[in-house]
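As structure tokens, the structure follows; a few thoughts come after it.
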Amino acid sequence: MCIVGAGYTGLWTAYYLARADPSLRITVLEAEHAGFGASGRNGGWCSALFPKSIGYLDRTYGRTAALALNAAMESTVDEVGRVAAEEDIDCDYAKGGTVVLARTPAQLVRARADAATAAAYGMELHLLSAAEASARVGATDVLGGTYTPHCAAIQPAKLVRGLADAVARRGVRIHERSPVTELSPGRAVTAAGTVRAPIVVRATEGFTPRLPGYGRVIAPVYSLMIATDPLPPSFWSAAGLARRETFSDYRHLIVYGQRTADDRLAFGGRGAPYHYGSAISPSFDREPGVFAELRRALSALFPALSEVRVAHSWGGPLGVARDWMASVGLDPATGLAWAGGYVGDGVGTSNLAGRTLADLITGADTELVRLPWVGHRSPRWEPEPLRWLGVNASMRLFRAADRTESRTGRPSAIAGLLSRLTGA
């Protein structure tokens with residue numbers, strides 16, 4: 001068995017395969033080191049979020065299938081915590097849920113709509129009053145919000161490195177500094193040699209375009225983060241997050257944050273440009289303008305942080321499929337398996353993907369292999385320059401929509417159209 005990529009997807013797949021059949025010979029090939037990509041540098045939300053909305057899944061696959069996928073995602077949050085405890089992975093797991101704030105009248109409209117949709121499907125998403133939301137997250141201008149218990153804050157690098165150690169203990173061979181230059185049925189080619197296996201799993205997410213022939217499968221979109229110095233109890237008494245709830249708000253250009261186990265505030269967001277030809281470079285991890293925007297957004301939420309030092313800043317690419325639909329699958333004819341397209345919600349989804357791939361590969365007849373994302377094939381992205389124009393124009397439109405909504409208080413029609421195109 002050969003797995004290409006030692007991030008969450010590849011390592012979870014290896015973990016569950018090794019548990020299911022300890023006799024399997026499993027090799028994981030990694031271009032850098034385990035957890036180098038988004039798995040080691042994300043916002044630390046182990047959530048039940050799936051890129052496509054429950055409404056889209058219902059319309060496309062039916063209500064039963066949509067609810068089954070949602071239930072699987074919710075149970076995945078607990079599964080990650082269970083494995084972390086069982087394998088003694090100290091990843092700062094804290095299941096405090098997620099608060100999404102509404103800070104403008106337009107955002108409050110979306111919060112109410114989300115809560116109404118969740119209620120219609122029997123999902124656990126609670127509409128919060130201004131007082132209830134502020135009690136959980138003491139940010140400015142809070143008009144209300146929503147809360148779901150189905151999210152845990154984690155330290156992503158600790159989780160992925162601990163998972164790498166856990167699979168190594170089970171006999172899985174992880175070859176770091178072994179970039180794959182060609183992936184085809186039955187083989188993965190590296191500079192040091194070719195690994196041949198009846199099943200080859202592509203678990204490369206945002207770095208997928210580097211593989212020959214896969215340049216239009218995934219668009220790598222950058223998300224950047226900052227983290228403060230540890231903050232004193234006086235700050236947290238006002239800011240809340242007492243249960244380490246992850247938090248965001250209902251703006252269109254996504255932001256996300258968490259209170260870390262050592263009392264820093266880690267805060268990230270989109271807005272970095274997509275680079276022509278799906279290019280990936282370490283230099284793209286650092287966009288001074290985006291870091292400045294994140295600092296301004298964080299200070300607007302918590303004015304007490306306006307003079308606090310930003311101790312760390314970083315970023316990296318995440319993977320977006322053309323239809324914003326994450327997928328997992330195995331082609332029995334070629335032996336090629338894959339998972340990805342998480343659109344930044346991969347901490348939990350990758351665990352579900354790993355369990356599903358293990359069942360598909362071993363032939364287990366489980367509920368997981370019948371979930372609606374199994375076997376989905378997303379269309380390829382448009383060739384350049386259309387891809388560059390489309391992705392960057394979308395981000396500019398979302399940014400403009402947020403400015404318009406802040407000024408008028410009314411939901412943006414353009415942002416509503418873009419949201420429908422990407423999965424509402």
Side-chain angles (χ1 to χ4, degrees), residues 8-9 11-20 39 42-58 61-87 89 91-100 114 117-126 146-154 156 159-160 162-163 166 243-246 325-329 339-362 364-376:
Y8 289 143
T9 300
L11 293 174
W12 282 124
T13 303
Y15 177 79
Y16 289 107
L17 279 171
R19 283 180 61 118
S39 298
N42 60 76
W45 288 36
C46 181
S47 77
L49 292 171
F50 191 78
K52 286 290 194 181
S53 70
I54 190 74
Y56 172 89
L57 295 170
D58 183 0
Y61 301 103
R63 184 184 180 94
T64 299
L67 289 174
L69 181 54
N70 182 71
M73 288 297 305
E74 290 179 353
S75 66
T76 291
V77 178
D78 295 324
E79 171 67 6
V80 171
R82 184 194 68 77
V83 174
E86 182 179 290
E87 297 292 345
I89 300 173
C91 63
D92 301 338
Y93 181 98
K95 191 182 178 185
T98 296
V99 177
V100 183
D114 276 0
T117 297
Y121 286 99
M123 296 164 58
E124 201 170 359
L125 183 72
H126 307 283
T146 57
Y147 172 77
T148 174
H150 299 295
C151 185
I154 57 124
L159 175 59
V160 73
L163 187 55
R243 299 180 60 235
R244 290 189 57 211
E245 296 94 334
T246 58
M325 177 71 181
S327 64
V328 59
Y342 306 131
V343 196
D345 293 321
V347 179
T349 316
S350 60
N351 173 276
L352 180 60
R355 285 183 284 142
T356 304
L357 282 171
D359 287 348
L360 289 169
I361 290 167
T362 60
D365 183 17
T366 67
E367 293 182 359
L368 297 186
V369 302
R370 290 185 288 275
L371 291 174
W373 71 322
V374 176
H376 175 79

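Taking each heavy atom of Ala353 and Tyr342 in turn, the nearest pair found is CB-OH, 3.5 Å. When all heavy atoms of Asn70 and Ile54 are compared, the closest pair comes out as CB-CD1, 4.2 Å. Nearest approach of Ala364 to Val369, heavy atoms of both residues: O-CG1, 3.9 Å. Looking at every heavy atom in both residues, Val343 comes nearest to Pro51 through CG2-CB, 3.8 Å. When all heavy atoms are compared, the tightest approach of Leu357 to Gly329 is CD2-O, 3.6 Å. Minimum heavy-atom separation, Gly348 to Cys46: CA-SG, 4.2 Å.
Rounding to the nearest 0.5 Å places OG1 of Thr366 at 9.5 Å from CZ of Arg355. Going from atom CG of Leu67 over to atom CE of Met123 covers 8.0 Å, rounded to the nearest 0.5 Å. Between atom CG of residue Asp345 and atom SG of residue Cys151 there is a gap of 9.5 Å, rounded to the nearest 0.5 Å. Considering OG1 of Thr356 and CG of Asn351, their distance stands at 9.0 Å, rounded to 0.5 Å. Note that OH of Tyr147 and CG of Leu125 are 10.5 Å apart. Values are rounded to the nearest 0.5 Å.
Counting heavy atoms from C-beta outward, Ile89 and Leu159 have side chains that approach closer than 4.5 Å. Within the 4.5 Å cutoff, the side chain of Arg244 has heavy atoms near those of the Asp92 side chain. Counting heavy atoms from C-beta on, the side chains of Glu79 and Leu352 never come closer than 4.5 Å. When side chains are defined from C-beta on, Asp58 counts as touching Tyr121, because their heavy atoms get closer than 4.5 Å. With contacts defined as side-chain heavy-atom distances shorter than 4.5 Å, the pair Glu74/Thr148 does not qualify. The shortest distance between side-chain heavy atoms of Leu371 and His376 does not fall below 4.5 Å. Two residues are said to be in side-chain contact when any heavy atoms from C-beta on lie closer than 4.5 Å; Met73 and Leu49 fail this criterion.
One side chain, Tyr15 or Glu87, offers a donor N or O that lies under 3.5 Å from an acceptor on the other. Asp114 and Thr146 share no donor-acceptor pair across their side chains, judged by distance under 3.5 Å alone.
A salt bridge is absent between Glu367 and Arg370: the closest approach of a Lys/Arg side-chain nitrogen to an acidic carboxylate oxygen does not fall below 4.0 angstrom.
By the ring-ring contact (aromatic ring centres under 6.0 Å, His included) test, Trp45 is found to be paired with no residue, residues two or more places apart in sequence or in another chain being considered. Annotation: ring-ring contact (aromatic ring centres under 6.0 Å, His included) contacts of Phe50 (sequence neighbours excluded): Trp373.
For the pair Tyr8 (side chain) and Pro156 (backbone), a donor-acceptor distance under 3.5 Å is present. Asn42 places a side-chain N or O within donor-acceptor distance of the main-chain N or O of Ser39, the cut-off being under 3.5 Å. Between the side chain of Thr9 and the main chain of Ser350, no donor-acceptor pair closer than 3.5 Å is present.
Classified by interplanar angle (parallel below 30°, tilted 30° to 60°, perpendicular above 60°), the ring pair Trp12/Tyr16 is parallel.
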